[in-house]
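No experiment lies behind these values; they were computed from the predicted model shown.
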Amino acid sequence: MKILSVDTSATAASVALSEEGKLIGETFINTSLTHSQTLIPMVEQLLSNTKTQIADIDAIAVNAGPGSFTGVRIGVAAVKGLAFANNIPCVSVSTLESMAYNFLSTDCIVCAVMDARCSQVYNALFEIKSGVVTRLCDDRALSLDDLKSELLSVDGRIIIAGDGTDITFKHIGDEIQNAEPAPVNLKYQRASSTALVAFEMINNGQTVSAQELMPVYLRLPQAQRELNKKLGGRTK
């Protein structure tokens with residue numbers, strides 16, 4: 001089974017091609033260019049370099065959120081288009097869960113964090129033991145204060161990963177001695193890790209159609225929050 005995987009959920013973007021859990025190729029960039037400029041050329045180049053036709057793809061996986069509203073929307077829209085045009089099933093992967101799969105060789109607690117602005121992060125915790133990932137909580141948006149309080153009660157080695165690593169470490173200071181930042185080569189979500197999650201999900205029958213694939217934001221977009229604030233409605 002060949003899986004095309006896509007991540008555009010934050011500043012970095014990546015695409016990967018895998019087969020039966022084996023990585024065939026991956027492209028990763030972290031530039032100021034918008035994903036709408038880079039994503040499709042990256043996919044085309046990857047398929048060309050691996051001598052793969054879109055008809056050879058059995059499933060397309062995407063980090064559907066949480067993350068940047070614009071980034072998530074671009075990735076999901078691109079995957080919906082590719083999948084719909086070619087009648088390919090989709091896999092909706094949690095961006096936070098895909099980060100945990102960067103650390104399969106390390107027994108630890110992965111604290112995946114993405115900057116959600118306003119002193120908040122998108123977060124989930126995962127335990128890695130003997131190469132097996134166990135989710136410890138749902139994906140959520142919470143304050144840095146609440147995350148700090150929770151991490152104080154976590155025993156064992158904690159690795160903090162994601163684009164929210166720096167702001168998280170600045171906030172917790174020296175109070176959590178068992179926490180450490182991820183090394184730079186494992187810090188960000190990558191499409192190759194998205195593929196690992198997707199491979200397990202496909203084996204468990206967890207695919208969706210292109211029509212069913214939707215972004216997972218966790219919070220309302222800022223423009224909607226501002227409008228709701230004026231109208232006295234929901235702001236989170």
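- No option in S18, S98, S94 other than S98 meets the side-chain contact (heavy atoms from CB on, under 4.5 Å) test with T194.
- Checking side-chain atoms of E20 against main-chain N and O of M1 turns up a donor-acceptor pair under 3.5 Å.
- Nearest heavy-atom pair across L196 and G21 is CD2-O, 4.2 Å.
- Side chain of N63 to backbone of D7: no donor-acceptor contact under 3.5 angstrom is found.
- Panel note: side chain T95, backbone P66; a donor-acceptor pair is recorded below 3.5 Å.
- Residues D58 and I3 have side chains not in contact (no heavy-atom distance under 4.5 Å, counting atoms from C-beta outward).
- At most 12 non-hydrogen atoms from other residues, nucleotides or ligands lie less than 6.0 angstrom from CG of D155.
- Taking 4.5 Å as the limit, every side-chain heavy atom of I160 sits out of range of all side-chain heavy atoms of P181.
- Atoms CG and CG, from D166 and D115 in turn, are 10.0 Å apart once rounded to the nearest 0.5 Å.
- Residue F84 holds its CZ atom at 11.0 Å from SG of C90, rounded to the nearest 0.5 Å.
- Counting all heavy atoms, side chain and backbone alike, E26 lies closest to L46 at N-CD1, 3.9 Å.
- Within the 4.5 Å cutoff, the side chain of K129 has no heavy atoms near those of the T134 side chain.
- Taking both residues in full, the closest heavy atoms of L213 and K80 are given as O-NZ, 2.9 Å, listed atom of the first, atom of the second, then distance.
- Side chain of D163 to main chain of Y188: no donor-acceptor pair is present (N/O by atom type, distance under 3.5 Å, no hydrogens or angles).
- A heavy-atom distance below 4.5 Å is not found between the side chains of K187 and N102.
- Note: K2 NZ to T50 OG1 = 7.0 Å, rounded to the nearest 0.5 Å.
- Residues I57 and I54 have side chains in contact (heavy-atom distance under 4.5 Å, counting atoms from C-beta outward).
- The closest donor-acceptor contact from the side chain of N123 to the backbone of V113 lies at 3.5 Å or more, if one exists at all.
- Note: the hydrophobic cluster containing I172 does not contain V110 (ILVMFWY, side chain heavy atoms under 4.5 Å, direct or indirect links).
- More than 12 heavy atoms of other residues, nucleotides or ligands sit less than 6.0 Å from atom CG of N203.
- Residues I24 and F28 do not share a hydrophobic cluster, defined by chaining ILVMFWY side chains whose heavy atoms lie under 4.5 Å apart.
- The shortest non-hydrogen separation linking A124 to L96 is N-CD1, 3.8 Å.
- With hydrophobic clusters built from ILVMFWY side chains whose heavy atoms lie under 4.5 angstrom apart, I158 does not share a cluster with F126.
- Under a hydrophobic-cluster definition in which Ile, Leu, Val, Met, Phe, Trp and Tyr are linked whenever side-chain heavy atoms come within less than 4.5 Å, directly or via other members, V62 and L17 are assigned to the same cluster.
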I202 vs V91, side chain to side chain contact (heavy atoms under 4.5 Å, CB included): CA-CA, chis, key distance, verdict: CA-CA 7 Å; I202 291 169; V91 187; 3.6 Å; yes

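- Residues Y101 and E200 share a closest heavy-atom pair of OH-OE1, 3.0 Å.
- Side-chain N/O atoms of T70 and S68 include no donor and acceptor closer than 3.5 Å.
- Heavy atoms only, all atoms of each residue included: M42 and S14 are closest at CE-CA, 3.7 Å.
- Within the model, atoms SG of C108 and CD of E127 stand 9.0 Å from one another, a figure rounded to the nearest 0.5 Å.
- Taken from SG in C111 to CG in L136, the straight-line distance is 10.5 Å, to the nearest 0.5 Å.
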Taking it one step at a time, do Q45 and T27 satisfy side chain to side chain donor-acceptor pair (under 3.5 Å)? CA-CA 9 Å; Q45 184 181 50; T27 301; 4.6 Å; no

Between I176 and L152, is the side chain to side chain contact (heavy atoms under 4.5 Å, CB included) condition met? List the steps. CA-CA 6 Å; I176 304 176; L152 283 168; 3.7 Å; yes

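- Within 6.0 Å of atom CG in N185, more than 12 heavy atoms from other residues, nucleotides or ligands are found, so the atom counts as buried in its surroundings.
- Summarising the geometry, atom CE belonging to M114 is positioned 10.5 Å from atom OG1 belonging to T165; distances are rounded to the nearest 0.5 Å.
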Given the rule in the side chain to side chain contact (heavy atoms under 4.5 Å, CB included) test, do L147 and V121 qualify, once you have shown the distances and angles that lead to the verdict? CA-CA 9 Å; L147 179 58; V121 288; 3.9 Å; yes

Side chain to side chain contact (heavy atoms under 4.5 Å, CB included) evaluation trace for V216 with V72: CA-CA 8 Å; V216 179; V72 167; over 6 Å; no

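- At least one side-chain heavy atom of L125 sits under 4.5 Å from a side-chain heavy atom of R140.
- The environment of CD in Q53 is sparse: at most 12 heavy-atom neighbours from other residues, nucleotides or ligands sit within 6.0 Å.
- I60 and L23 fall into different hydrophobic clusters, where Ile, Leu, Val, Met, Phe, Trp and Tyr are joined by side-chain heavy atoms under 4.5 Å apart, directly or via other members.
- A donor-acceptor pair is defined here as one N or O able to donate and one able to accept, closer than 3.5 Å; no such pair exists between the side chain of D139 and the backbone of Y122.
- Between K51 and D56 there is no salt bridge, since no side-chain nitrogen of the basic residue lies less than 4.0 Å from a carboxylate oxygen of the acidic one.
- Taking the side chain as every heavy atom from C-beta outward, V15 and L39 approach each other to under 4.5 Å.
- Between the side chain of T52 and the backbone N or O of S48, no donor-acceptor pair lies under 3.5 Å.
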